[in-house]
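Order of the sequence lines fixes the chain letters, A, B, ..., with proteins taken first and strands second; residue numbering starts at 1 for each chain. Computed from a predicted structure; not experimentally measured.
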Amino acid sequence: MALDFPQIEAKWQDAWYSARVNESEPEQGKPKFFMIFAYPGVTGYLHVGHMRGYTVSDAIVRYKLMTGYNVLFPVGTHATGNGAISFARRVERRDPATVDILTSNGCSEETLSRLEDPLEVVRFFNGIYLNDYWKRFGFFSDWRRFTSTINPDYMRFIEWQMLKLRAEGLLIQKPYYAAACVEHGPVAIDASETDISKGGSAEVLEYSLLKFELEDGRKLAAATLRPETVFGLTNFWVNPEVEYVDARVGDETWVVSRQAAEKLALQMDDVEVVDSADGGSLIGKSCKAPYTEKTIRIFPSALCDPDVGTGLVMSVPSDAPVDWVGLVELRGDSLVRKEYGITDAMLNEAAPVAIIDTPGYGPLPAVEVTERMGISSLDDPRLDEATREVYKTGFHKGVMNSSSGDFAGWHVERAKDAVREQMIESGAAAMFYDLSEEVLCRCGNKVLVKKIPDQWFIDYGNAALKESSKEHALTMKILPKEYHDNIQNVLEWYRERACVRLGNWLGTPFPLDDRWIVEAIADSTLYPIYYVLAKYANEGLMRPEEMNEPFFDYVLLGRGDVQTVACATGIDTKVLSAARAEFEYWYPLDINLGGKEHMTVHFPVFLMNHVGILRQEHWPMGIIVNWYITATGGKISKSKGGAQPIPDAAERFGVDAMRLFYAHIASLYVDVAWEDEKVQSYRDRIERIWNFVVDSIEMNDGPASDVDAWLRARVESWIAEAHAYMEQYDLRSYANNVYFEISQDFKWYLRRGGASKEVVGEALRTWTQLMAPITPHLAEEIWERLGMPRFVSNSQLRSARRTESTELEEAKERLLSSLITDISEILRVTSIKPSKVVLMTAPRWKNDVLDNALSGGEEGADVGRLVKEAMPSLPQDARKELPAFAKAVASEVGRMSPDERRRASARVDELTVLRVAKEFLEDYFRCEVLVFSADDTAKLDPENRARQARPGRPAIHVE
RNA sequence: GCGAGGGUAGCCAAGCUCGGUCAAAGGCGACAGACUCAAGAUCUGUUCUCGCAGGAGUCCCCCGGUUCAAAUCCGGGCCCUCGCACCA
């Protein structure tokens with residue numbers, strides 16, 4: 001009989017939610033478990049990959065619920081930022097891809113026009129996430145606590161957080177250079193291109209702007225990434241085709257390209273274009289280099305790009321292949337030389353000057369590389385490659401040579417910053433920021449780097465904060481372990497982080513200055529707390545305008561007394577006390593689970609804000625990082641709308657099959673490709689289990705047998721292992737046992753003639769409980785069939801009762817199954833069709849020797865001692881065998897782990913076990929089976945195989 | 001570049017923290033058999049090579065080292081993936 005997945009999913013979800021099994025209230029004295037997953041940003045539909053982390057969270061929470069914990073597992077969404085705004089804009093202009101995604105998900109034209117409003121977009125997707133994803137998957141989340149970051153009450157919480165950061169001295173202000181659109185303000189440069197229409201992979205480059213003084217006092221400003229090469233300057237490049245301008249900067253006049261002047265104006269105060277400047281007229285003239293004060297000649301070059309840097313370039317032919325090739329080309333270009341009057345003497349003055357010792361190169365790497373590669377023209381596309389090669393080695397491995405003055409002997413990497421600093425200090429240079437490629441805003445305007453003079457930062461560089469956070473992180477349960485170790489480095493590396501931004505964004509206005517909006521990472525650090533309070537706001541027990549600083553101070557920091565706070569807020573004292581008690585009950589957060597992208601972004605600030613603002617007893621306890629589900633042949637990205645819409649997949653495969661897929665397909669800490677066939681096979685597995693269970697429930701009761709005790713023993717092992725795995729949140733091993741190993745045990749039981757309805761029923765109940773965290777709908781359906789009261793989901797999973805006797809029961813069956821393996825192996829290799837199998841258990845003395853070896857304790861067994869102690873009592877014919885056997889046993893025992901020792905000590909009466917199992921074996925191999933002890937003088941052993949018998953491994957003879 | 005993770009049999013994926021229980025779990029695929037009118041359903045077995053006795057040989061990206069013993073530890077190399085800050 002097939003399972004109707006959608007039907008049972010709906011049935012149990014209705015039942016759970018109407019019985020409010022998913023809702024959480026504090027219960028003093030009962031241990032609590034508080035878990036969240038990092039809430040998703042509201043930027044469109046999610047895809048099947050996102051459900052991995054969410055599902056794992058739900059499974060953990062469900063397990064905790066079944067093991068005595070009062071659990072809290074709230075969910076929410078992150079609407080801050082421009083995701084919803086840009087989505088609304090795409091809808092507004094009826095972007096075909098966006099419209100297509102929406103309509104294929106069933107949106108009407110009416111809904112479409114509603115979604116032109118960003119707030120409606122947020123509302124719309126909040127509904128989708130809640131209903132189509134999380135409820136659809138049967139999560140045990142307390143829906144009453146749902147919150148979203150642009151809800152008015154949540155915003156009050158963020159305001160409070162910023163005030164506390166300031167109070168702790170963790171807010172600082174300083175200038176900042178950000179990519180910005182002239183019209184829309186700062187934009188994010190990011191490959192997913194939420195803000196921009198072009199240039200997602202651009203970077204902000206830090207140029208040094210070096211000033212070269214002309215005879216008339218004006219200054220040519222050249223932008224370079226390598227200021228330390230100032231010592232190797234030989235000439236200057238100007239493009240006669242480019243339009244330059246004279247720009248007044250403070251009390252100086254700079255010559256730069258018109259485009260560069262515009263950029264400078266955004267980054268420096270007091271920049272004004274006063275005149276145009278003719279590049280051609282400069283050529284042939286001289287200018288004075290900064291720092292070295294060397295006089296160099298100005299030459300023409302077509303390579304100066306007015307959009308890159310300042311459109312003016314300083315020339316270092318020793319280390320820049322482009323400069324060297326430029327000089328070579330110029331030397332051979334008589335036409336140009338004639339036009340600008342460039343003489344051989346001038347060119348000779350521009351001969352390369354060696355400045356850097358680069359491992360693997362001579363004194364002039366650029367000359368060397370271009371000659372080796374045979375590059376002689378600026379049009380040669382391999383110039384880029386040559387530049388990269390020289391730059392890379394020179395910058396990271398090079399050392400400044402004796403021609404670099406005070407910096408001789410410095411590593412280039414260090415010299416770069418030091419030289420720049422000195423030049424800036426002396427007024428010979430300035431900083432200049434530019435993008436590595438053209439970036440266009442969604443509106444079509446150019447994105448440029450703009451100085452923001454009074455940017456606010458959270459000071460994650462604060463030494464005390466950093467130290468406490470690192471120390472606390474060591475005590476946290478952080479998985480995977482690699483991240484537990486690495487987060488130390490991440491925290492160490494953290495520095496100030498911009499926490500507010502200008503522009504058209506959804507989010508909380510910055511309480512210290514409402515031109516700013518609190519930035520999207522900064523408003524999502526303490527938020528687990530807010531789930532505790534959201535219930536009260538959602539139920540109308542407090543209004544946003546009442547949630548002021550005294551309110552949060554009282555509830556979260558325990559400041560003030562309830563009467564005063566009630567006056568200051570207008571909130572009922574009962575509500576205040578309850579909220580505070582509830583916070584104290586649930587906090588700290590036990591687990592925050594999120595994708596690997598959070599490792600260097602969200603998790604560190606999440607931790608540090610807790611440490612910075614809250615009392616130590618409220619600092620978070622654990623972090624779990626999950627890796628991704630990807631699509632075959634590339635990421636299934638959110639922006640592309642999702643290769644596999646979640647409701648569709650749920651419909652096709654069933655929620656439980658997907659949940660099992662997420663739990664079992666691989667360790668959480670590797671990326672896994674989504675494959676329909678894989679999910680389908682989990683669906684098959686679930687149906688197989690269902691059919692098996694139904695058959696078992698309907699089975700006829702049979703007589704008690706000797707495997708009953710074995711199955712009971714196995715149940716104890718299932719439970720013990722389940723708890724052990726979940727202790728480590730190792731869902732995969734847990735699922736492997738529950739969905740694959742356990743069914744094997746049932747099959748073995750039946751095969752061995754087990755028939756007790758009672759024993760099977762007992763085992764089925766435990767099995768069902770074990771399934772409940774991962775495949776809850778299936779488990780409930782089975783639980784109901786078993787006649788159990790609602791619900792398996794909140795039934796209690798007891799702890800295991802393993803004893804010596806359960807060990808023995810398991811050892812007994814292990815003996816049989818390994819015996820079957822051995823016999824089958826012999827039959828397979830020899831191709832004998834057996835008419836008779838003779839089994840001979842090890843003689844008594846071998847057991848004694850093994851026991852003796854095992855009792856030897858830690859120092860292990862000594863062969864000599866074993867032989868000496870066993871010899872006297874041995875029958876004559878065994879004495880020859882003893883030394884070899886003792887040696888084998890000694891080495892075997894020597895390398896046993898404690899676990900193996902325990903098992904080996906739990907040996908069973910093999911003769912009896914085999915005699916009892918004789919019929920079973922005869923049935924299995926369809927032939928006669930004879931059982932002897934090797935001690936038995938009447939045994940049937942024509943080939944003298946009895947000597948091979950060892951404890952746990954009877955000798956075998958087949959014919 | 002900086003930082004992190006990884007390369008295991010046809011494929012996916014455990015194992016590596018604590019070296020021996022590892023020819024290396026499990027799943028998928030493939031092959032064979034059983035049950036069947038039949039099957040893409042289910043069950044059983046096989047799936048590195050050799051083997052008419054439960055075994056042997058070779059193996060866990062490559063090279064080298066430590067060790068009685070290495071998939072596991074150390075060094076070097078090649079290759080892949082990911083994060084890098086105002087992007088959630």
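- The base of B:C86 is paired with the side chain of A:Tyr176 by a donor and an acceptor separated by under 3.5 Å.
- Both distances falling under 3.5 Å, in either a Watson-Crick or a G-U wobble arrangement, occur for no nucleotide opposite B:U67.
- Among the heavy atoms of the strands, none lies under 4.0 Å from A:Ala178.
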| Could you write nucleotides 47-53 of chain B as a row of B, S and -, 5' to 3', where a protein heavy atom under 4.0 Å of any base atom gives B, of only sugar-phosphate atoms gives S, and otherwise -? | ----BSB

Strictly under 3.5 Å: I want the nitrogen or oxygen pairs between protein and nucleotides 13-16 of chain B, one per line.
unit_1 : atom_1 : unit_2   : atom_2 : d
B:A13  : O2'    : A:Arg732 : NH2    : 2.8
B:A14  : OP1    : A:Ser667 : N      : 2.7

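- Here A:Arg751 pairs with A:Tyr924 under the side chain to side chain donor-acceptor pair (under 3.5 Å) rule; sequence neighbours left out.
- Listed by chain and residue number, nothing satisfies the ring-ring contact (aromatic ring centres under 6.0 Å, His included) test with A:His484 (two or more places apart in sequence, or in another chain).
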Tabulated below should be each protein N or O lying under 3.5 Å from an N or O of nucleotides 68-70 of chain B; please produce it.
none

| Residues A:Val625, A:Phe603; criterion side-chain contact (heavy atoms from CB on, under 4.5 Å); working and verdict | CA-CA 9 Å; A:Val625 185; A:Phe603 288 136; 3.9 Å; yes

Review item, nucleotides 29-35 of chain B N/O atoms under 3.5 Å of protein N/O:
none

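- The phosphate of B:G5 (OP1 or OP2) has no side-chain N or O of A:Lys596 nearer than 4.0 angstrom.
- Contact between the side-chain N/O atoms of A:Arg497 and the OP1/OP2 oxygens of B:C84 is not found at any separation under 4.0 Å.
- Remark: P of B:U46 and CD1 of A:Ile820 are 12 Å apart, rounded to the nearest angstrom.
- Salt-bridge annotation for A:Lys481 and A:Asp485: present, with a side-chain N of the basic residue lying under 4.0 Å from a carboxylate O of the acidic one.
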